[in-house]
Amino acid sequence: MMLEVKGIEKSFDDRKVLKGVDIKVGKGDVVTIIGPSGSGKTTLLRCINFLERADAGEMIFDEAHYRMDAMTKRDIAALRRKTGFVFQGYNLFRNKTALQNVTEGLVIARKVPKEAARNAGLRALEKVGLADRGDAYPHQLSGGQQQRVAIARAIVTEPEVIFFDEPTSALDPELVGEVLSVMRDLAAEGRTMMIVTHEMQFARHAANHVVFMDDGQIVEEGRPEEIFENPREERTKKFLQTVREGFGGKL
Amino acid sequence: MNDRVWQLLLDSFWQILLPGIRVTIPLTLVSFALGLIIALITAMVQVANIPVVKQIARFYVWVIRGTPLLVQLFVIFYGLPSVGIILDAIPSAIIVFSFNTGAYASETIRAAIEAVPVGQIEAGYCVGMNYLQIMARIVLPQALRTAFPPLSNSLIGLVKDTSLAANITVAEMFLAGQRIAARSLEVMAIYCEVAFIYLLFCTVLTKLQTYCEKRMNTY
């Protein structure tokens, strides 16, 4: 296992959002996390990258053990340099061009020489189909293009695992496809990905492992066919039923 | 108005403009530059939530914003000598104006920093940057863009506020005007002329502000 977390707990004020979650990601795995709104999926992802500090939990990353509630800034920084994160709201640096957004983490955080960073940045932009938009500022790009730049920014550092937090939820429906297509390409390249998503088709067909969460816990997990065709748990069945109705039964 | 008044206005124009160029403008620019440095530090220690230093910053802003500028000038120039600290008029004025600008501008900058979406900072952490790198490269550039119009306001305000320094013997534009008015007795004409020159300075600054804002609108 490349990344393993055990017993993550997290409360906001008095509300317990994560009630002891265990999750494992092996090299090359594409894990999708599905579940109703408010089930704790996003919080789980944010805790794993320490955007939120878990109240309890243990993490094993590249065979090193950490206590998640007592990580030093240094450990967190080292860990983040091995990961990439794609946000629901893109969060591109508004004062930087697309290319600068992509190279910032190389030049500033990793001290990669400018020229090498530029080449890597252009390659990453090419991979997401935006090689010609490197000089554009975020506000000059569509939502789908911004999210693709954000993906380029996440992959340019060659992270060991990339986290996606509902990457298509903020997009207009006609722009969802271009982002999912880039993500499918990444999955096909064998990149390790952990994806919180509401796109059930994608969750099913791009993943090799599906996790269903509800009420701060993992209710059920397994291979996509198992979860989508033969869910064992009542809550999983109910959730999939509701989602299918929303999509006219086409899943 | 008769020819004599016109002639007086013409003659006095340079006599007022000159101290404007020699004193008012340098006094404004130096005080504003120092004020911005003070403001940036004051805002940063509050945003970064550094204990004790943060409380000192709040106290400083509270005192400066809660007392009249003219009184501050008097305290520094006329008051301090009684406790053995004697400062010349111009250094006194620079101290007061820069700390005054610093207090007001720090609130502007603090608000502008806090207006930068938290997602920008999170994205910075996620690409591996540390707090200072994120501040210097992502947050501050965006905040200063937001803060630019209100800071320009402060600068324009400061140009006019420097006229208060006439009260502590700084030979700036207004003091020059007062002397000419007293000598010539054409009070109305001379003070209007002084006002006109301030208006001139502020118009240039306003134009400059518009130009800079246009140039900064790349993002």
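Bear in mind that the values here come from a model prediction, so they are computed numbers and not experimental data. Letters A, B, ... mirror the listed sequences (proteins, then strands); counts begin at 1.
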Practice prompt. Run through A:Arg80, A:Glu104, A:Arg110 and flag the one making a side chain to side chain contact (heavy atoms under 4.5 Å, CB included) with B:Met129.
Written response: A:Glu104
Worksheet entry | Residue B:Tyr211 excluded, over 12 heavy atoms near OH under 6.0 Å | no
Worksheet item: Counting heavy atoms not belonging to A:Lys111, are there more than 12 under 6.0 Å from its NZ?
Response: yes
Discussion item. Would the distance check show the side chain of B:Gln133 and the main-chain N or O of A:Ile108 forming a donor-acceptor pair, the cut-off being under 3.5 Å?
Written reply: yes
Worksheet item: Mind checking whether A:Ile76 and B:Tyr125 have side chains closer than 4.5 Å, heavy atoms only?
Response: no
Discussion item. Does atom CZ (B:Phe196) have a neighbourhood of more than 12 heavy atoms from anything else shown, all under 6.0 Å?
Written reply: no
Worksheet item: When rounded to the nearest 0.5 angstrom, what is the spacing between CD1 in B:Ile134 and CZ in A:Phe93?
Response: 7.0 Å
Discussion item. Using a 6.0 Å cut-off, check whether atom CD of A:Glu189 has over 12 heavy atoms from anything other than its own residue.
Written reply: yes
Worksheet item: Side-chain contact, heavy-atom cut-off 4.5 Å: B:Ile138 with A:Lys96?
Response: yes
Item to complete: Check B:Gly128 against A:Arg81 and note the closest heavy-atom contact, atom names and distance.
Response: O-NH1, 3.9 Å
Worksheet item: Quick one: which residues of residues 97-119 of chain B reach chain A at under 4.5 angstrom, heavy atoms only?
Response: B:Val116, B:Pro117, B:Gly119
Worksheet entry | 4.5 Å side-chain heavy-atom contact, A:Thr83 and B:Cys126 | no
Item to complete: Determine whether more than 12 heavy atoms belonging to other residues, nucleotides or ligands lie under 6.0 Å from atom CG of B:Asn49.
Response: yes
Fill in: CZ/B:Arg58: more than 12 non-hydrogen atoms of other groups inside 6.0 Å
yes
Worksheet item: How far apart are the closest heavy atoms of A:Leu92 and B:Gln120, and which atoms are they?
Response: O-NE2, 2.7 Å
Worksheet entry | Straight-line distance of A:Arg94 CZ to B:Gln142 CD, nearest 0.5 Å | 4.5 Å
Practice prompt. Count the heavy atoms belonging to other residues, nucleotides or ligands that lie under 6.0 Å from NZ of A:Lys24, then report whether that count exceeds 12.
Written response: no
Discussion item. Any heavy-atom pair between the side chains of A:Asn95 and B:Arg145 that's under 4.5 Å?
Written reply: no
Worksheet entry | CG (B:Asp88) with more than 12 external heavy atoms under 6.0 Å | no
